[in-house]
Number of protein chains: 2
Amino acid sequence: MSRVQTQQKILDAAEGLFAESGFNDTSLRQITGRAEVNLAAVNYHFGSKKALIQAVLQRYLQVVMPRLEQQFDALLARQQPSTLSEVLAVFVQPLLELKQVKPQGTTLFLQLLGRGYTDVQGHLRKFISHHYGSVLNKFVLLVQQSCPSLSNAEIFWRLHFSLGTVVFTMASSEALFDIAAADYREQADIASVIRRLLPYLAAGIAAPTIDSKQLDLMAQATF
Amino acid sequence: MSRVQTQQKILDAAEGLFAESGFNDTSLRQITGRAEVNLAAVNYHFGSKKALIQAVLQRYLQVVMPRLEQQFDALLARQQPSTLSEVLAVFVQPLLELKQVKPQGTTLFLQLLGRGYTDVQGHLRKFISHHYGSVLNKFVLLVQQSCPSLSNAEIFWRLHFSLGTVVFTMASSEALFDIAAADYREQADIASVIRRLLPYLAAGIAAPTIDSKQLDLMAQATF
DNA sequence: GTACATTTCAAACAGTTGTTTGAAATGGGG
DNA sequence: CCCCATTTCAAACAACTGTTTGAAATGTAC
């Protein structure tokens with residue numbers, strides 16, 4: 001079997017299992033079993049499990065990230081600042097295009113992203129900010145321009161709140177789909193979740209700030 | 001050593017390690033090592049690691065949940081529906097009161113909650129909805145009353161988005177504190193994060209809905 | 001078809017995990 | 001003090017993990 005065939009079989013098997021069960025709870029024996037490949041093949045072709053995880057993510061990142069950067073650049077080249085909704089909407093097209101790479105591509109990638117941020121804390125964060133930090137900086141800059149009234153610290157926190165929303169939703173998307181289908185007769189797919197997500201994120205990021213005095217009043221209002 | 005002393009030492013050691021490294025990445029040998037207790041003590045006193053995890057969470061849940069329910073009941077007994085901000089503000093007081101149970105109680109509990117939802121998917125969700133489902137239903141009812149224009153399905157999704165925000169933020173709160181301190185000279189503690197969280201969540205949950213036509217326009221606006 | 005490099009394979013490695021065991025120690029009530 | 005239940009302890013258990021090994025098979029160029 002040729003080099004690329006084996007590598008591809010491993011990547012395909014691995015990404016499915018990783019998305020289902022997370023990185024920690026997926027063993028190399030499960031992966032090589034599903035890929036119909038010898039156990040040692042992973043270490044031979046990728047070096048280690050960690051490297052395999054990165055390779056699985058890289059297959060999608062190297063498609064999505066340049067598309068995102070290109071769109072960010074287009075917005076940055078404008079004269080007047082973009083609205084927050086415009087900035088967030090940039091993600092939709094590149095993510096949905098992953099379906100062309102592979103039928104379930106969008107769902108798989110977002111689930112993997114969710115797993116990567118929740119399973120082993122820090123690893124994926126460092127990997128992404130190291131390889132694609134410049135792209136993310138452009139995104140942050142666009143958000144800052146669209147919300148000039150917010151301090152940079154406030155934006156930092158709210159963007160991480162938003163990251164949490166996305167990552168958690170995607171990591172548990174399969175369970176949420178099931179619940180939504182059972183309780184609300186929803187035929188939920190990844191595109192419909194994205195559609196629901198954007199207004200939530202836009203409103204949260206651009207929310208008015210309140211000072212601590214107001215918060216204290218709110219907290220005591222129910223006594 | 002008396003029964004309760006050993007159990008307490010195990011619980012104290014376990015909750016700290018669980019909060020730091022998550023449930024999967026914390027071994028019983030680490031726990032019994034820190035607790036200065038024999039390895040077999042966990043299985044003798046709690047039965048299994050899974051039961052220990054639940055016991056760790058129960059110590060806080062059985063304090064927080066009755067307090068929450070009591071506040072929800074107070075709001076439900078009102079004549080006019082509460083505002084969303086009022087409903088969300090209910091969480092502040094009971095969570096901060098955990099500091100009286102134990103100095104770092106609030107932070108620990110929220111980190112554990114985050115770990116529980118991100119580490120082993122589903123387990124904690126089932127456990128909480130089984131033991132405290134009625135309390136959560138009252139919360140959902142209050143949110144529905146405060147946002148009459150939103151469909152129940154929309155509220156379902158937005159509450160899970162919010163759960164993701166909280167859970168992810170808390171699970172990685174230590175890392176976020178460090179970044180915030182380094183980049184924005186922020187002295188961030190759990191109370192200040194809650195203060196930042198509430199307006200974000202309130203705005204996100206109450207965000208105006210957009211139809212798919214508008215979304216498509218947004219997505220194509222940058223071409 | 002021979003020579004050489006690449007790839008596969010079964011087997012074993014060393015490490016960790018949660019759990020169980022049976023004896024030793026400790027506890028308090030009669 | 002003795003008895004009996006409770007609790008501790010060191011040791012071993014079986015199952016799993018990612019990784020390495022060295023020989024066998026396959027592929028490729030001459």
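Per chain, numbering begins at 1; letters A, B, ... match sequence-line order. Bear in mind that the values here come from a model prediction, so they are computed numbers and not experimental data.
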When the distance from [atom1] of [X] to [atom2] of [N] is rounded to whole Å, what number comes out?
X       : N      : atom1 : atom2 : value
A:Phe46 : C:dT8  : CZ    : P     : 11 Å
A:Leu52 : D:dT19 : CG    : C1'   : 14 Å
A:Gln5  : D:dG27 : CD    : C1'   : 13 Å
B:His45 : D:dT7  : NE2   : P     : 6 Å
B:Ile10 : D:dC9  : CD1   : C1'   : 13 Å

Point to revise | A:Asp12/A:Arg59 ion pair, N-O < 4.0 Å | key: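 Salt bridge present between A:Asp12 and A:Arg59.
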Review point. Salt bridge (Lys or Arg N to Asp or Glu O under 4.0 Å) with B:Arg34: which residues, sequence neighbours excluded?
Key: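 Counting only residues at least two positions away or on another chain, B:Arg34 forms a salt bridge (Lys or Arg N to Asp or Glu O under 4.0 Å) with B:Glu20.
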Exercise for review: Check salt bridge (Lys or Arg N to Asp or Glu O under 4.0 Å) between B:Lys138 and all other residues, then give those that pass, not counting sequence neighbours.
Suggested key: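 Result, salt bridge (Lys or Arg N to Asp or Glu O under 4.0 Å) vs B:Lys138: B:Glu69, B:Asp73.
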Exercise for review: For A:Tyr132, enumerate each residue passing the ring-ring contact (aromatic ring centres under 6.0 Å, His included) test, keeping only those at least two apart in sequence or located in another chain.
Suggested key: none
Point to revise | Set of ring-ring contact (aromatic ring centres under 6.0 Å, His included) partners for B:Phe91, sequence neighbours left out | key: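 B:Phe72, B:Phe139.
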Which donor-acceptor pairs under 3.5 Å do side chains of residues 43-56 of chain A form with protein atoms, sequence neighbours excluded?
from    : atom 1 : to      : atom 2 : distance (Å)
A:Ser48 : OG     : A:Ala51 : N      : 3.2
A:Lys49 : NZ     : A:Phe23 : O      : 3.0
A:Lys49 : NZ     : A:Thr26 : O      : 2.8

Check your understanding: Can you give one letter per nucleotide of nucleotides 12-22 of chain C, 5' to 3': B if a protein heavy atom sits under 4.0 Å from the base, S if only from the sugar-phosphate, - if neither?
Key -> B----BBBBB-
